[in-house]
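Every value quoted in this text rests on a predicted model; they were computed, and no experiment measured them. In what follows, chains are A, B, ... by sequence order, proteins preceding strands, each numbered from 1.
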There are 2 protein chains.
Amino acid sequence: MSIKAIKAQTGFSYSTISRVLSGKADAFRISTITREQILEAAARLNYRPNILARSLRLRKTMTVGLIVSDIQNPFFGELASRIEQDLRFHGYSMILCNTNEVPENEEFYLKLLVDRKVDGILIAPIQTAEWESMQILVRETPVVLVDRIFADTALPWVTSANVEAAEEVTREILGRGYRKIAFLGGPPETHITRARFKGFRKAVVETLGRLDESFVLSKGYTAQAGREMMIRLLDERPDVEAVLCVNNLVFYGAVGPVNDFELRQARPVMMAGFDIGEYASLMKRPLISADQNLAELARSAVGLLLEADAGAADAANHLTIPVVIARHRLP
Amino acid sequence: MSIKAIKAQTGFSYSTISRVLSGKADAFRISTITREQILEAAARLNYRPNILARSLRLRKTMTVGLIVSDIQNPFFGELASRIEQDLRFHGYSMILCNTNEVPENEEFYLKLLVDRKVDGILIAPIQTAEWESMQILVRETPVVLVDRIFADTALPWVTSANVEAAEEVTREILGRGYRKIAFLGGPPETHITRARFKGFRKAVVETLGRLDESFVLSKGYTAQAGREMMIRLLDERPDVEAVLCVNNLVFYGAVGPVNDFELRQARPVMMAGFDIGEYASLMKRPLISADQNLAELARSAVGLLLEADAGAADAANHLTIPVVIARHRLP
DNA sequence: ATGAAAGCGCTAACAG
DNA sequence: CTGTTAGCGCTTTCAT
C-alpha cells in the first residue's frame, strides 16, 4: 500500500516513484520537479520501503547470519560485535544465532537462515566436520567458518595461528623454569583444542624430551568444565607447577580452585590461557594470555563472505591470523 | 519457483499444495493419497518454504528485534541468550542489534527493525526518554523496554527492583561497620543510575544522617569509566572504606585500582556491585553482588511483547523483578 | 476434496 | 523522461 499511497497523492506511476525512491533518479533523468513532488509526498506520508517485498523481488536480503556457540562468552560477544560493525559498514544486517554448544541447534539455525534467504552465513561451528544436511544447505548459501573451523574442507575459513601461539606461550612458561606443566582442553576432537594442544606438546616435547599424559585433560569449553578439570588435576597431580587453559572460560573456571590450592600449599601455580583480554585486570595473579586479533578475524571473515557472495573465484580463501602474547604482572 | 516445482511434479494446484505443506490438510480434508504425493514430492525436491514470501503475504514475520547497548558485556550476553530461547520457544526468531552505547545507533536500529517488519521490539535503551522518531515508529510496532527503562512512559516495561536492591546492599555494608562509602554511577540521568543511587542514598542518609557528596561519582557504564572513577575517588578521598558500583563493568574497571591501593595502604576496601555473577570467582576479594534475575527478566519481557503483539489490552504492563543479594568470601 | 485467481509491495523489462 | 505490466513465492477467498 505504500508506493501506491504516493501514487495516489502524486499521480506518478509505480516505476517513476520506485526510481526516485531508490536513488535511481539520475540514471533515468527524472525531472527535478517530479523528484521533488515524489520525495515531498514520501516524507509527508512517512514512507518506508517494505524490505520484505524488495528482498522477494531482488532475491537479495542484504542480511547475513552469524552462528556462535556461546554468546554469554565475552569473546564471542566481541566477535559478534565486530562482525556486525563490519557488515553494517558494507550495508548488511546481521542475524545472530546462539547454539549454546548444542550441536542440534547448529542444524536448526543453519536451516533457519537459509529459509530466511540470508545472503551468507558466518559460523564458528561446534561440530568437527561438515555434517550431511550442511552439505545441502551450503549449496544455496555461501558459508564461511570463523575461529573454530573444520580441518579439511573446501569451505572458506579464517582462524588464528593456534598452534604457533600455544607453542610460544608454552615455551615462555618453560623458559621461566616451570617444568610440570598441564593442559586443560575442550572436547578432544575439536579443531581449537587439537591445534592448541599440538603447539603445547611440541614445546614440551622439544624442551623436556617427553610429555607426561597425566598433565593433559580435556572436557569442554565452559567455566564449569575448567573448574572440574582443575579440581581433578590438583587432586591427581598436586605437584603441578603451571597450567595452560584452552580458552578464556576454562581459565575462569580454573582460577577458583587454583586460588584455594595456592592458599593451602603456600606455593603459586603459573596460569596461562587464551583470550583473557580485559578480564586479566580482575585477578591479582601473574598470568600469560594469548589474545586473538578479533578485529582482524572479523574483518577477514566478512571479507571472505562478501567475496563469496559476489561469486568470486575462491582464491586464497583460507586465512590464518597471528596471535598476540600478553604478560600480566610478570617481569 | 518452489510450490510451482511441486505443482509440476504432482499436478496439484497451488492451493492444495500450500494447504498440505502448511499443515492445514486436516482442516481442508485433503485425501490421504493427495497428501502423500505432495509430501513425498516436497521431500524429494528438498522443498523449503520461502519465508519472505510468506511474511509478505501474511503480514507477520515471526521475528522480533532486541536492541542492547553492549553485547560484549556478559550481562547482556546472558540476557540476549535467555530472551532468544524464550522467543524461540514461542516460534519466533530474534534479530540482535548492538548500539555500543551510541544513542544515534538506537534510532538507526529501531528504524531498521520496523522496516524489516518485525512483529515486535525489545529494547534496553541508552536514551533517557522517548525521543521524537521513536514515537512515530512505535505506532507501527509493539515495543517493550527491558532493564533500562524510561521513568514515565505508557510503553510496557520490565525492570529489576533497583532501588530496593541498592538499599539492601548499602545497609549490609553499613551493618558491617563501614562508614565512608562511595557510589560509582553511570550517566547521571539514566534510570538505572538514578534508581540505584536513590536506594544507596536512602540507606546512607537513614543510617548516618547525611551523605557526603564527594563520595558520589558518575560517568558511564563501561569498565573504562569505572577505572577512571575509582582512580579519581582514591585520589580525592583516600579515606574511603567501601564502594558500590552501579553495574558489573564499572566494578571490573574499579578492581584494578583498588587492588593497587590496598597493596600500598595495607588496608582493604570493601567492594559491592550489580551482576558480578560468575565472575566473582575470579577475584580473591570479599564482595557483595546484587544479581538481577535474568531468567525472569527475559521471560517477562517476552511475555509482555507477545501480549502486545496479540493486541492484548495493556493491563498490568509494568513489571518489577526482585534482585538477589550474594555475598562472596564473607562471614 | 480441489482449483483458479487475486494480491501482499516492490523492481525491471519493455514500450513509448 | 514517464507509464504499463509481469512476476518474486506464498496464502486465501471464492468457486465448483
Side-chain angles (χ1 to χ4, degrees), chain A residues 1-39 41-42 45-63 91 112 114-119 140-141, chain B residues 1-39 41-42 45-63 91 112 114-119 140-141:
Chain A
M1 174 85 97
S2 250
I3 281 196
K4 200 172 183 180
I6 299 181
K7 178 182 155 84
Q9 293 266 324
T10 63
F12 291 105
S13 69
Y14 284 112
S15 6
T16 305
I17 299 171
S18 172
R19 281 161 191 149
V20 172
L21 259 24
S22 40
K24 300 195 183 95
D26 279 334
F28 285 88
R29 304 156 45 94
I30 312 280
S31 74
T32 317
I33 175 82
T34 302
R35 299 181 196 204
E36 277 169 359
Q37 284 183 63
I38 291 174
L39 290 174
L45 296 173
N46 221 291
Y47 172 80
R48 311 244 81 211
N50 184 324
I51 295 193
L52 256 33
R54 176 185 288 170
S55 297
L56 180 61
R57 176 66 229 242
L58 295 184
R59 310 172 148 285
K60 187 108 176 66
T61 54
M62 295 304 284
T63 305
L112 181 107
V114 171
D115 286 354
R116 289 195 163 254
K117 302 284 183 278
V118 295
D119 296 331
E140 288 188 58
T141 310
Chain B
M1 173 84 99
S2 249
I3 282 196
K4 200 172 181 177
I6 298 180
K7 178 183 155 83
Q9 293 266 325
T10 63
F12 291 104
S13 69
Y14 286 111
S15 358
T16 305
I17 298 171
S18 172
R19 281 161 191 149
V20 172
L21 259 25
S22 40
K24 301 198 181 90
D26 279 334
F28 286 88
R29 305 155 47 94
I30 311 280
S31 74
T32 316
I33 174 86
T34 303
R35 298 180 198 206
E36 276 168 0
Q37 285 184 65
I38 291 173
L39 290 174
L45 297 173
N46 220 291
Y47 171 79
R48 310 245 81 210
N50 184 324
I51 295 193
L52 256 32
R54 177 184 289 172
S55 297
L56 180 62
R57 175 66 228 240
L58 295 184
R59 309 173 149 283
K60 187 106 174 72
T61 54
M62 294 306 283
T63 304
L112 181 108
V114 171
D115 286 354
R116 289 194 164 257
K117 302 281 182 279
V118 295
D119 296 331
E140 288 189 60
T141 311

Base, sugar-phosphate or nothing for [X]? Non-hydrogen atoms, less than 4.0 Å.
X: B:L56; value: base
X: A:S31; value: sugar-phosphate
X: A:K60; value: nothing
X: B:F28; value: base

Checklist entry - OP1, OP2 of D:dT11 versus side-chain N and O of B:K24: anything below 4.0 Å? => result no
Next on the checklist: For C:dG3 and B:T16 - does any side-chain N or O of the residue sit under 4.0 Å from the phosphate oxygens OP1/OP2?
Outcome noted: yes
Just how far, in rounded Å, is [atom2] of [N] from [atom1] of [X]?
X: B:Y14; N: D:dG7; atom1: OH; atom2: P; answer: 11 Å
X: A:D26; N: D:dC1; atom1: CG; atom2: C1'; answer: 13 Å
X: A:K7; N: C:dT11; atom1: NZ; atom2: P; answer: 15 Å
X: B:L21; N: D:dT11; atom1: CG; atom2: P; answer: 8 Å
X: A:I3; N: C:dC8; atom1: CD1; atom2: P; answer: 13 Å
X: B:R59; N: C:dC8; atom1: CZ; atom2: P; answer: 7 Å
X: B:R29; N: C:dT2; atom1: CZ; atom2: P; answer: 11 Å
X: B:R19; N: D:dC14; atom1: CZ; atom2: P; answer: 13 Å

Choose from [options] the nucleotide whose nearest atom is closest to any side-chain atom of [X].
X: B:F12; options: C:dT11, D:dT11, C:dT2; value: C:dT2
X: A:S15; options: D:dT2, D:dG3, C:dC8; value: D:dG3
X: B:S18; options: C:dG9, D:dT12, C:dT2; value: D:dT12

Do [X] and [Y] have side chains that approach each other closer than 4.5 Å (heavy atoms only, starting at C-beta)?
X: B:D119; Y: B:K60; value: yes
X: B:Q9; Y: B:L45; value: yes
X: A:L21; Y: A:L39; value: yes
X: B:N50; Y: A:K117; value: yes
X: B:T61; Y: B:R116; value: no

Next on the checklist: So, applying side-chain contact (heavy atoms from CB on, under 4.5 Å) with B:F12, which one of B:I6, B:V20, B:I38 is it?
Outcome noted: B:I38
Item to check | Earlier contact from the 5' end, DNA chain C, for B:A53 and B:I30 | outcome: B:I30
Next on the checklist: With nearest nucleotide decided by heavy atoms, which residue, B:G11 or B:L58, maps closer to the 5′ end of DNA chain C?
Outcome noted: B:G11
Next on the checklist: Under a 3.5 Å distance rule, please check whether A:T10 uses its side chain to pair with a backbone N or O of A:Q37 as donor and acceptor.
Outcome noted: no
Item to check | Polar side-chain contact A:R48-C:dG9 base: donor and acceptor under 3.5 Å | outcome: no
Next on the checklist: So, under a plain 3.5 Å distance rule, would you say the side chain of A:R57 forms a donor-acceptor pair with the base of D:dG9?
Outcome noted: no
Item to check | Between A:R54 and A:S22, a side-chain donor and acceptor under 3.5 Å | outcome: no
Checklist entry - Does any residue of residues 32-39 of chain B have a heavy atom under 4.0 Å from DNA chain C, and if so, which ones, in number order? => result B:T34
